[in-house]
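Have a look at the structure below before the remarks.
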Amino acid sequence: MFAYNSTILWETKAINTNNLLPSSPYRKKQIHKTIMWLFKRKGPSGFSSSSTAEEVTHGIDGSGLTAIVTGASSGIGSETSRVLALRGVHVIMAVRNMTAGKDVRDAIVTEIPAAKVDTMELDLSSLASVKKFASDFKSSGRPLNLLINNAGIMATPFMLSKDNIELQFATNHLGHFLLTNLLLEKMKETARKTKREGRIVNVSSEAHRFAYREGIRFDKINDPKSYNSYGAYGQSKLANILHANELTRRLKEDGVEITANSLHPGTITTNLFRHMGIFDGLVGTIGKLLLKNVQQGASTTCYLALNPQVKGVSGEYFSDNNLAKTTALAKDMDLAKRLWDFSMDLVK
């Protein structure tokens, strides 16, 4: 599982894996020091994997901007919402669990009394729910500057969504694909009226490297016999990158001032691991040594949403607040176009 944060594994390969749980306090301290040093190595942006969401948005005024953050009731979604609100952005928390969402919203407003935060119900595994959310949002008359496609599920057993589509693909990609399409005209209208760049941010993962060999199994999306929970998760995360890339191509053709990028947030101790059995416990045991905290995990999302360094940058993949490399499949524009057409057929 820790291969999902391949940056960490590549940079720490000199550490003997037999010592991940060392008995010597001295050895444990040395490993912790090495990992922290690697985390703090800054990239060209001036930020690193240890940078927090507050640090990468320090001094930025988001007043007058409106953002939708999906999956905002927990993990990096809730931290993204908090930091955007801290910077003056009006945040719409799109959540499946309204009770949890309201609790997070109340906590944000308690900490930041001037925060503008609202909750709206959204179940990304249901196309009907996505359509209702988009309709209700557009009816509100609010502008839309930022769309943060953050919500996701990971490595679930084979299940079908309410629309009879494999659940990880349906939730992680298809729901966001439809949501983005339904809100795109509102974003274009906002960009034209305000003359401020709109930004679409897809939270992907290094797990896109472990998708099925062919990338997207167009002919076997719903095949339980060939289903692999990790391969299906990788497939959905690959789809997030391909979606942002094809969206970039279309937006550039339209001459619209809206960017679309994807990112790897890092491997973080959140409830995303809840379907992974023994790994869930392992994450809790050694997570403090190897994994990012939520404040660090939300940083690249907030960096892409607000930081002026990425103005005009589109169709790129980021990790640790810096540009990063993807697989060849993630750069395949023919695959991206085929995924777009395939997704359009599914959401019709």
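- Annotation: side chain of Arg41 is not in contact with side chain of Ser48 (no heavy-atom distance under 4.5 Å).
- Between the side chains of Ser63 and Asp61, at least one donor-acceptor pair of N or O atoms lies under 3.5 Å.
- Here the side chains of Val310 and Asn261 are not in contact, with every heavy-atom distance at 4.5 Å or above.
- The shortest heavy-atom contact between Ala151 and Asn172 is O-OD1, 4.3 Å.
- No option in Asn202, Thr70, Thr171 other than Thr70 meets the side-chain hydrogen bond (donor to acceptor under 3.5 Å, both in side chains) test with His176.
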When you look at Glu189 and Arg192, which way does the side-chain contact (heavy atoms from CB on, under 4.5 Å) test go after all the steps?
CA-CA 5 Å; Glu189 174 191 309; Arg192 284 193 297 265; 4.2 Å; yes
What's the verdict on side chain to side chain donor-acceptor pair (under 3.5 Å) for Asn149 and Thr180, showing C-alpha distance, side-chain angles and the deciding distance?
CA-CA 8 Å; Asn149 292 321; Thr180 303; 3.1 Å; yes
What do the steps show when you test Glu197 against Thr259 for side-chain contact (heavy atoms from CB on, under 4.5 Å), and what is the final call?
CA-CA 7 Å; Glu197 178 181 84; Thr259 63; 3.5 Å; yes
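- The 12-atom threshold is not exceeded at NZ of Lys220, counting heavy atoms of other residues, nucleotides or ligands nearer than 6.0 Å.
- The other members of the hydrophobic cluster of Ile241, by chain and number, are Tyr317 (side-chain heavy atoms under 4.5 Å, ILVMFWY only).
- Considering only residues two or more places apart in sequence or on other chains, Ser140 meets the side-chain hydrogen bond (donor to acceptor under 3.5 Å, both in side chains) condition with none of them.
- Val203 and Leu178 end up in different hydrophobic clusters when Ile, Leu, Val, Met, Phe, Trp and Tyr side chains are linked at under 4.5 Å.
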Stepwise side-chain contact (heavy atoms from CB on, under 4.5 Å) test for Arg217 and Tyr227:
CA-CA 10 Å; Arg217 288 188 163 177; Tyr227 179 79; over 6 Å; no
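- Atom CG of Asp345 has more than 12 heavy atoms from other residues, nucleotides or ligands within 6.0 Å.
- By the rule that hydrophobic residues join a cluster once side-chain heavy atoms approach within less than 4.5 Å of another member, Leu122 and Ile153 end up as members of separate clusters.
- Hydrophobic cluster membership differs between Ile76 and Val83, with clusters built from Ile, Leu, Val, Met, Phe, Trp and Tyr side chains linked at under 4.5 angstrom.
- A 4.5 Å side-chain heavy-atom check between Val104 and Ser81 finds every atom pair outside the cut-off.
- For the residue pair Thr66/Arg142, the side-chain donor-acceptor check at 3.5 Å is not satisfied.
- Residues Lys193 and Pro143 are not in side-chain contact: their nearest non-hydrogen atoms beyond the backbone lie 4.5 Å or more apart.
- Residues Ser125 and Leu167 form a side-chain contact, since some pair of their non-hydrogen atoms from C-beta on lies under 4.5 Å apart.
- In this structure Asp136 satisfies the salt bridge (Lys or Arg N to Asp or Glu O under 4.0 Å) test together with Lys132, sequence neighbours excluded.
- The minimum heavy-atom distance between Ser204 and Pro265, with the atom names listed, is O-CD, 3.4 Å.
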Let's go through Leu147 and Leu184 carefully: what are the C-alpha distance in whole Å and the side-chain angles of both, what is the deciding distance for side-chain contact (heavy atoms from CB on, under 4.5 Å) to 0.1 Å, and is it a yes or a no?
CA-CA 9 Å; Leu147 176 59; Leu184 201 52; over 6 Å; no
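- With a 4.5 Å cut-off on side-chain heavy atoms, Leu335 and Phe218 count as touching.
- Considering all non-hydrogen atoms of both residues, Val91 and Leu84 come closest at CG2-CB, 3.8 Å.
- The shortest side-chain heavy-atom distance between Glu246 and Leu339 does not fall under the 4.5 Å cut-off.
- There is a path of hydrophobic side-chain contacts, each under 4.5 Å, that joins Ile268 to Ile148.
- A donor-acceptor pair shorter than 3.5 Å cannot be found between the side chains of His208 and Thr326.
- Taking all atoms of both residues into account, the shortest heavy-atom contact from Glu79 to Ala298 is CG-CB, 3.6 Å.
- Note on ring orientation: taking the six-membered ring where Trp is involved, the planes of Trp340 and His243 are tilted (angle from 30° to 60°).
- Side-chain atoms of Asn322 and Ser45 include a donor-acceptor pair closer than 3.5 Å.
- Inter-residue side-chain proximity for Met93 and Met98 is flagged as unmet; no heavy-atom pair is nearer than 4.5 Å.
- Electrostatic pairing of Glu185 and Lys188 counts as a salt bridge here, judged by a charged N lying under 4.0 Å from a carboxylate O.
- Of the N and O atoms on the side chains of Ser262 and Asn240, not one donor lies less than 3.5 Å from an acceptor on the other residue.
- Scanning all heavy atoms of the two residues, the minimum distance from Phe137 to Met120 falls at N-CE, 3.8 Å.
- Ring orientation note: the planes of His173 and Phe169 are tilted relative to one another, at an angle of 30° to 60°.
- For the residue pair Asp123 and Ser126, no side-chain donor N or O sits within less than 3.5 Å of a side-chain acceptor on the partner.
- In this structure, Leu242 and Ala330 approach most closely via the heavy-atom pair CD2-O, 3.5 Å.
- Taking a cutoff of 4.0 Å between a charged side-chain nitrogen and a carboxylate oxygen, Asp341 and Lys337 qualify as a salt bridge.
- Formation of a donor-acceptor pair under 3.5 Å by the Ser135 side chain with backbone atoms of Lys131 is not found in this model.
- Residues Phe318 and Leu247 are members of separate hydrophobic clusters, defined by side-chain heavy-atom contacts under 4.5 angstrom among Ile, Leu, Val, Met, Phe, Trp and Tyr.
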